[in-house]
Amino acid sequence: MPLRLHDTATREVRDFVPLRPGHAGIYLCGLTVQSAPHVGHVRSGVCFDVLRRWLEVRGHEVTFIRNVTDIDDKILAKGEEQGLAWWALTAVTKRQLDEAYALLNVAPPTYEPAATAHVPEMLELIGELIDRGHAYPAADGSGDVYFDVASWPAYGELTRQRVDDMEAAEDADPRGKRDPRDFALWKGAKDSEPRTASWPSPWGRGRPGWHIECSAMAGKYLGDAFDIHGGGVDLRFPHHENEQAQSRAAGQDFASYWMHNAWITTSGEKMSKSLGNSLLVPNVLERVRGVELRYYLVASHYRSHVEFSFEALDEAAAAYRRVEGFLERAGGTPAGDLPDALPDAFAIAMDDDLGTPAAVAVLHDTVRAGNSALAAGGDAAAEATAVRAMLGVLGVDPDDPAWGGRSDDRLTGVVDALVAGLLEERARARADKDWARADDIRDRLKAAGVEITDTPDGPTWST
RNA sequence: GGUGGGUUGGCCGAGAGGCGAGGCAACGGACUGCAAAUCCGUGUACACGGGUUCAAAUCCCGUACCCACCUCCA
């Protein structure tokens with residue numbers, strides 16, 4: 001059963017055939033580091049982290065590149081607004097982003113190139129496009145360089161749009177463009193902009209356009225042809241269309257597969273800063289743990305719209321705790337990840353364009369089977385191992401050190417001793433049939449966040 | 001105007017011609033001193049109107065509503 005992935009370019013789910021057997025190269029458009037990340041931003045990171053994990057299970061060595069856009073109009077504007085140097089703003093925002101990814105157990109990419117560190121590569125690519133007749137410096141002396149859309153007949157193929165049908169942007173400033181649809185490869189510096197935000201080029205000082213960054217960096221780290229290019233759906237046009245046009249016009253094959261994750265909306269609308277701070281990752285994590293948020297994201301398909309709600313988030317957290325509860329009851333499992341322990345149905349679901357919802361259903365089926373075995377007095381080691389293997393693929397294994405593990409062993413020891421004392425007291429009360437006293441102890445522990453579970457082998461507790 | 005996606009039970013969320021994914025919640029039963037946890041059981045859901053078919057949530061036609069992109073937004 002081959003792994004099949006949905007390719008936006010062909011609009012179908014097709015077999016994944018890597019350019020080099022046993023290897024997969026992925027380029028994911030990262031974020032523009034101009035503001036703190038919200039839940040929607042990290043969904044992309046989580047979706048492609050799951051893809052990466054699954055490719056690895058399937059025996060591929062994965063080279064995963066995720067860029068950082070650290071120079072653009074908004075960054076300059078925001079920096080000025082906040083009285084910060086633009087590069088100071090991006091440094092702070094980048095740290096927030098790293099933290100958000102870490103809180104959701106999104107593995108760091110193989111390499112994370114920053115746009116500002118790759119200006120020479122971009123200039124080289126722009127020069128190549130000019131030489132080939134697909135780009136031109138603006139005639140108005142602005143120092144801008146544009147891609148010549150009319151010179152590339154395939155333009156529009158990724159999103160299947162005809163150039164003539166496209167609505168020209170109303171606010172498009174034609175400046176030195178030959179056609180309003182031509183887009184900037186290089187933007188000449190303006191006097192109002194800080195000098196640190198421009199670099200020398202054959203066309204005068206300036207800075208790169210957005211699209212050229214990704215073409216240059218993907219080419220540098222993955223080569224002229226690579227397997228998968230990913231990002232959010234909104235990037236299909238113009239960003240990805242433009243990237244593909246540039247790279248192919250420069251003679252590169254570029255991506256074999258295009259994968260796009262869907263949105264998270266709130267109140268039916270796209271998440272944005274105007275909706276307030278409530279959905280920033282650190283704020284959401286005041287309500288649920290990182291692993292629970294990640295479970296919520298992974299439980300729906302990456303190409304499906306998710307309407308974010310705290311109610312749904314709470315439900316997901318409850319479902320996840322059920323799984324955790326099973327693992328605790330089942331006792332320990334052998335260490336290490338065990339792809340061999342993955343149920344077939346789980347693998348089939350994942351092979352079908354990362355069918356995480358069906359995969360999660362298998363997870364729950366296995367948990368129920370394990371719980372049944374335990375309820376019947378048997379052992380559930382096989383189920384527990386399978387569950388942990390599945391959770392590992394989804395990046396939500398509770399024992400993954402990424403979640404921080406036991407916060408403080410000494411403290412845990414202290415609490416354990418205190419709770420043990422109270423449980424002994426309760427056991428005496430129960431033996432005396434002093435139910436009021438027994439229940440009082442249980443209620444007080446519960447109020448403190450300690451849940452008591454009576455088992456045939458005596459009570460256990462968890463937080 | 002062009003392009004793409006959607007509308008599934010109280011809620012979330014899969015599926016894509018026949019066999020009721022899974023979760024959360026609810027109700028009944030088992031277990032328990034009572035609970036909790038767990039197990040067992042309980043649902044004739046697929047926007048609307050037509051059509052095709054032995055069979056439609058799934059295909060076709062039409063309608064309504066929603067969303068995204070065509071602006072340097074994951």
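Lettering follows sequence order; numbering is per chain, from 1.
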Nearest-Å distance once atom C1' is located in both G17(B) and A57(B): 10 Å
For U53(B), which nucleotide in any strand shown is its Watson-Crick or wobble partner with both distances under 3.5 Å? none
Would you call Glu292(A) and Arg287(A) a salt bridge, taking side-chain N to carboxylate O under 4.0 Å as the test? no
Both distances under 3.5 Å, Watson-Crick or G-U wobble: report the partner of A26(B), or none. U42(B)
Taking the six-membered ring for Trp, are Phe226(A) and His229(A) parallel (under 30°), tilted (30 to 60°) or perpendicular (over 60°)? tilted
Arg53(A)/Asp49(A) salt bridge by N-O under 4.0 Å criterion: yes
For Arg236(A), report the nucleic acid contact type (base, sugar-phosphate, nothing); a contact means any heavy atom under 4.0 Å. sugar-phosphate
Of the options C69(B), C24(B), A74(B), whose atoms approach the side-chain atoms of Phe237(A) most closely? C69(B)
Salt bridge check, Asp443(A) against Lys446(A): does any charged N sit closer than 4.0 Å to a carboxylate O? no
Presence of Ser304(A) side-chain N/O under 4.0 Å of A14(B) phosphate oxygens OP1/OP2: yes
Return the nucleotide paired to G1(B): Watson-Crick means purine N1 to pyrimidine N3 with N6-O4 or O6-N4, wobble means G-U with N1-O2 and O6-N3, both under 3.5 Å. C70(B)
Is Arg368(A) near enough to G23(B) that one of its side-chain N or O atoms lies under 4.0 angstrom from OP1 or OP2? yes
Just to be sure I understand the rule, does His239(A) reach a base, reach only the sugar-phosphate, or reach nothing, if contact means heavy atoms closer than 4.0 Å? nothing
Per-pair stack call Trp435(A) and G33(B), 5.5 Å, 30°: yes
Select from Glu315(A) and Thr69(A) the residue whose nearest nucleotide in RNA chain B is closer to the 5' end of that strand. Glu315(A)
For the pair Arg442(A) and Asp439(A), find out whether any cationic side-chain nitrogen is under 4.0 Å from an anionic carboxylate oxygen. yes
Touch check for Ala319(A), heavy atoms < 4.0 angstrom, all strands: base, sugar-phosphate only, or nothing? sugar-phosphate
Who does U7(B) pair with, Watson-Crick or G-U, both distances under 3.5 Å? A64(B)
Does Asp72(A) reach a base, just sugar-phosphate, or nothing at all? Heavy atoms under 4.0 Å. base
A55(B) to U44(B) separation - P atoms, rounded to the nearest Å: 24 Å
N/O donor-acceptor pair, side chain Asp234(A) with base G4(B), under 3.5 angstrom: no
Is it the case that the base of G2(B) and the side chain of Arg162(A) share a donor-acceptor contact (distance under 3.5 Å, atom types as modelled)? no
Touch check for Gly231(A), heavy atoms < 4.0 angstrom, all strands: base, sugar-phosphate only, or nothing? sugar-phosphate
Taking atom types as they are modelled, is there a donor-acceptor pair under 3.5 Å from the base of C34(B) to the side chain of Arg442(A)? yes
Would you indicate what Glu311(A) reaches in the nucleic acid, counting non-hydrogen atoms under 4.0 angstrom: base, sugar-phosphate, or nothing? nothing
Please work out if Gly355(A) contacts a base, only the sugar-phosphate, or nothing of the nucleic acid, heavy-atom cut-off 4.0 Å. nothing
